[in-house]
K.L.:
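One structure, as structure tokens, below. Some questions next.
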Amino acid sequence: MASLDPPPPSAPAPATGADPLAGLRLALAEAAAELHGAPATVELRLDRPKRPEFGDFSSNAPLLLAAGLDEQPRAVAERLGEALGRRLGPDLDRHEVAGPGFVNLFLSDRFWRSALSAVAEAGRNFGSGVAGTDAERMLVEFVSANPTGPLTVAAARHAAYGDSLCRILAFAGHAVEREYYVNDAGGQIRRFGESLAARARGQAPPEDGYHGAYVGELAARIAGAAKLDPDELAARGIELMLETVRATLERFRVHFDRFFSERSLHSGGAIERALELLSDGEHVYASEGATWLRTSVLGDDKDRVLRRSSGELTYFAADVAYHADKLSRGPDRVIDVLGADHHGHVARMQAAWQALGGAPDGLELLIMQLVNLTEGGRRVAMSKREGEFVTLDELIDDIGLDAARWFLLQRSHDTTLDLDLALAREQTQENPVYYVQYAHARIAAILRRAGEERLGAAARAELAAGGAPLHASERALVRSLLEFPAEIVTSAVRRAPHRLTAYALELAQGFSAFYRDCRVVGAEEEGGDEAFRIALSRSVQATLARCLDLLGVEAPESM
RNA sequence: GCCCCCGUAGCUCAGUGGAUAGAGCACGCGCCUCCUAAGCGCGGUGUCGCAGGUUCGACUCCUGCCGGGGGCGCCA
């Protein structure tokens, strides 16, 4: 059952002006307070039942209030229903007490008309700013794939997820910065340079180097490569590789505000400064010739090395300095989207963050599970060093940009994703993404058919004033629309873009049912309300377009 | 051994305490004198991995177990 609850106090609250359900929620809260004699402390739910006989909306409030009132739940439901009836007046058709103590609400056309009117008025902004006064300054790091090769499908999932998450957070009202951490230092960069050097001289890369064909192509693009040493080659190679990576990301509709270089932390002395900062707090100690960070007292299972006995700084030391930098920029929240292979990193980074003086919940480390690519049931292997992988560019060329984004976003980030290329490719006729796009395009066609004059009349019409009785499909479609703000809240708070794919599909299905049952242009001929139906179609179109935009998928005017 | 994720329909998966657990795909049948048939309607399957516990109520929360995937470097 879909929940339409106001979020808990810690979460962003819907901006009441933007949410047509606010009046309903307020009535429920007031009615409950009336019974209780004081505002209810329990969380009152306003649910949208799947079964029509359980009403348009339903609340379990009586079950929750019964204990405090020392009364039977059904008796409480009876009184709550009456109190609600007095408050909602003509917006409520009737209420019923059902089951163990639910109160089910059946709303009148008047309610649906004024609700749609509010949605139509919000227009393109419907559902925005739901974070309200809980809006935060957020710094989100994602992808951060090593610049030693092209972006793979694993990176593609990170890119789609991180980008959509940022779009949703921003739409909800947060100030979001997007950042890509470039691992352009350390042992793998040395091996990358050596591999380039070998290819430039026409030799095979070292055993532990990079063997992909792109390494040779890269070497060929560097002027005088054969005469350069591995360090210079690595630097030039990374530069070129990053250009490619950026171009691929932009093609995938993923934009970063900043690419942050690990190397700059070394050369700029930021790591040394971070280590000093931590030494002052007595978090750092020397042992066995190495320098350690005492992460074990902050939740990690062992302490971690910052500087090796060889004198070299570890990757972890650089990451600590990077997070010190993030912290110093003063965001309310830092989010790192990490691969499943980095989960061992979580505890030590959290510990380091707190050692640096960060608030425990100021750093959020999200772990992204793997993508398995299959091709007609056969697993496609992915390894950069072996050079055997499917790149993001190849994926886009293969199944299409919109399908790629949709498929990668369809599942929760913390579950392994199986993507069958053969299926994604062949499915194009029945693909959910095209279904949603089709609904959008179909509405565009209807609105074109309606023409300027009718659209203008609909925009000026007083929808709430009443008119022809509404069809069940019209009411159901308005109800789906009304769920959108809560859906944005949930997607944002739970960092769950995949919810919007499900919502978009549901809204598109609701429109198809409406389209089947109700003629829009010329509605009066069948006893319908043309202005209402045009406004409804426009609102659904705008909301579908918004969903698709948040998912990074195109919303076509025709197909 | 320890840690993380997962186990729901034939397949891929939604569903973080509410009523008879859903979608897409796949399969079958039917539907274009009507705003896009990339569409619509009808047809069915579930020991929600197993066992306990908490609760008026558990797919959902807790404990243990079983199964699958991933991770546990002075690599990055």
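Naming: A, B, ... by sequence-line order, numbering from 1 per chain. Reckoned from all heavy atoms, side chains included, excluding hydrogens, waters and symmetry mates.
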K.L.:
Contact class for Phe316(A) vs. all strands (heavy atom < 4.0 Å): base, sugar-phosphate, or nothing?
P.N.:
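Here Phe316(A) touches no strand at all.
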
K.L.:
Could you list the residues that satisfy ring pair (Phe, Tyr, Trp, His ring centres under 6.0 Å) with His266(A), not counting sequence neighbours?
P.N.:
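So His266(A) forms no ring pair (Phe, Tyr, Trp, His ring centres under 6.0 Å) with any residue.
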
K.L.:
Looking at residues at least two apart in the chain, or sitting in another chain, which of them share a ring pair (Phe, Tyr, Trp, His ring centres under 6.0 Å) with Phe102(A)?
P.N.:
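For Phe102(A), no residue satisfies ring pair (Phe, Tyr, Trp, His ring centres under 6.0 Å) once neighbours in sequence are set aside.
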
K.L.:
Scan residues 499-514 of chain A for pairs that pass salt bridge (Lys or Arg N to Asp or Glu O under 4.0 Å), counting only residues two or more places apart or in two chains.
P.N.:
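Listed once each, the pairs are Arg48(A)-Glu506(A), Glu487(A)-Arg499(A).
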
K.L.:
Touch check for His498(A), heavy atoms < 4.0 angstrom, all strands: base, sugar-phosphate only, or nothing?
P.N.:
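Result for His498(A) = sugar-phosphate.
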
K.L.:
Is a donor from one side chain sitting under 3.5 angstrom from an acceptor on the other, for Asp319(A) and His345(A)?
P.N.:
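A pair is found: one side chain offers a donor N or O, the other an acceptor, under 3.5 Å apart.
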
K.L.:
What does the 5'-to-3' dot-bracket notation of RNA chain B look like when only Watson-Crick and G-U wobble pairs under 3.5 Å count, and pairs to other strands show as |?
P.N.:
(((((((..((((....[...)))).(((((.......))))).....(((((..]....))))))))))))....

K.L.:
Under 4.0 angstrom, heavy atoms only, what part of the nucleic acid is Ala441(A) near: base, sugar-phosphate, or nothing?
P.N.:
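The answer is base, as Ala441(A) lies within the cut-off (heavy atoms under 4.0 Å) of a base atom.
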
K.L.:
Considering residues at least two apart in sequence or located in another chain, which fulfil the side-chain contact (heavy atoms from CB on, under 4.5 Å) criterion with Pro73(A)?
P.N.:
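Pro73(A) satisfies side-chain contact (heavy atoms from CB on, under 4.5 Å) with Leu63(A), Ala66(A) only.
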
K.L.:
So Arg411(A), base contact, sugar-phosphate only, or nothing? Heavy-atom distance under 4.0 Å.
P.N.:
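Base, at least one base heavy atom under 4.0 Å.
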
K.L.:
Taking only residues two or more places apart in sequence, or in another chain, which ones meet Arg51(A) in a side-chain hydrogen bond (donor to acceptor under 3.5 Å, both in side chains)?
P.N.:
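For Arg51(A) the side-chain hydrogen bond (donor to acceptor under 3.5 Å, both in side chains) partners, ignoring immediate neighbours, are Glu53(A).
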
K.L.:
Holding to ring pair (Phe, Tyr, Trp, His ring centres under 6.0 Å), I want the full list of residues that pass it with Tyr435(A), two or more places apart in sequence or in another chain.
P.N.:
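If we apply the ring pair (Phe, Tyr, Trp, His ring centres under 6.0 Å) test to Tyr435(A), skipping adjacent residues, there are no hits.
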
K.L.:
Of all residues at least two apart in sequence or in a different chain, which pass the side-chain hydrogen bond (donor to acceptor under 3.5 Å, both in side chains) check with Ser296(A)?
P.N.:
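Asp303(A).
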
K.L.:
In terms of side-chain heavy atoms of Ala290(A), which of G18(B), G39(B), C74(B) is nearest?
P.N.:
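Looking only at side-chain atoms, Ala290(A) lies closest to C74(B).
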
K.L.:
Using a cut-off of strictly less than 4.0 Å between a heavy atom of the residue and any atom of RNA chain B, enumerate the qualifying residues of residues 94-103 of chain A by number.
P.N.:
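Of all residues in residues 94-103 of chain A, the ones placing a heavy atom under 4.0 Å from RNA chain B are Ala98(A), Pro100(A), Phe102(A).
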
K.L.:
Considering only atom C1', compute the distance from A58(B) to C4(B) and round it to an integer number of Å.
P.N.:
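24 Å, rounded to whole Å.
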
K.L.:
Distance-only check: which donor-acceptor pairs under 3.5 Å involve side-chain atoms of residues 530-539 of chain A, not counting sequence neighbours?
P.N.:
unit_1, atom_1, unit_2, atom_2, d
Glu530(A), OE1, Arg454(A), NE, 3.4
Glu530(A), OE2, Arg454(A), NE, 3.1
Glu530(A), OE2, Gly522(A), N, 2.8
Arg533(A), NE, Glu474(A), OE2, 3.1
Arg533(A), NH1, Arg519(A), O, 2.8
Arg533(A), NH1, Glu526(A), OE2, 2.8
Ser537(A), OG, Arg533(A), O, 2.8
Ser539(A), OG, Ala535(A), O, 3.2

K.L.:
What is the ring orientation for His342(A) with Tyr315(A), classed by angle as parallel under 30°, tilted 30 to 60°, or perpendicular over 60°?
P.N.:
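It falls in the perpendicular class, over 60°.
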
K.L.:
Does Asn104(A) contact A19(B) through a side-chain donor or acceptor facing the base, at a distance under 3.5 Å?
P.N.:
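By the distance-only test, yes, there is a pair.
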
K.L.:
Select one nucleotide: of C56(B), A38(B), C35(B), the one nearest the side-chain heavy atoms of Leu63(A).
P.N.:
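For the Leu63(A) side chain, the nearest candidate turns out to be C56(B).
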
K.L.:
Mind listing the N/O atom pairs, protein and nucleotides 2-5 of chain B, below 3.5 Å?
P.N.:
unit_1, atom_1, unit_2, atom_2, d
C3(B), O2', His343(A), NE2, 3.4
C3(B), O2, His343(A), NE2, 3.1
C4(B), O4', His343(A), NE2, 3.3
C5(B), O4', Gln369(A), NE2, 3.4
C5(B), O3', Asp414(A), O, 3.3
C5(B), O2', Asp414(A), O, 2.2

K.L.:
Any side-chain hydrogen bond (donor to acceptor under 3.5 Å, both in side chains) pairs touching residues 66-76 of chain A, not counting sequence neighbours?
P.N.:
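Checked against side-chain hydrogen bond (donor to acceptor under 3.5 Å, both in side chains) - neighbours excluded - the pairs reaching residues 66-76 of chain A are Glu71(A)-Arg79(A).
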
K.L.:
Closest approach to the side chain of Tyr515(A), judged atom by atom: which nucleotide of G69(B), G15(B), A37(B) is it?
P.N.:
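So the nucleotide nearest the side chain must be A37(B).
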
K.L.:
Glu506(A) near the nucleic acid: base, sugar-phosphate alone, or nothing, with a heavy-atom cut-off under 4.0 Å?
P.N.:
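Here Glu506(A) touches no strand at all.
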
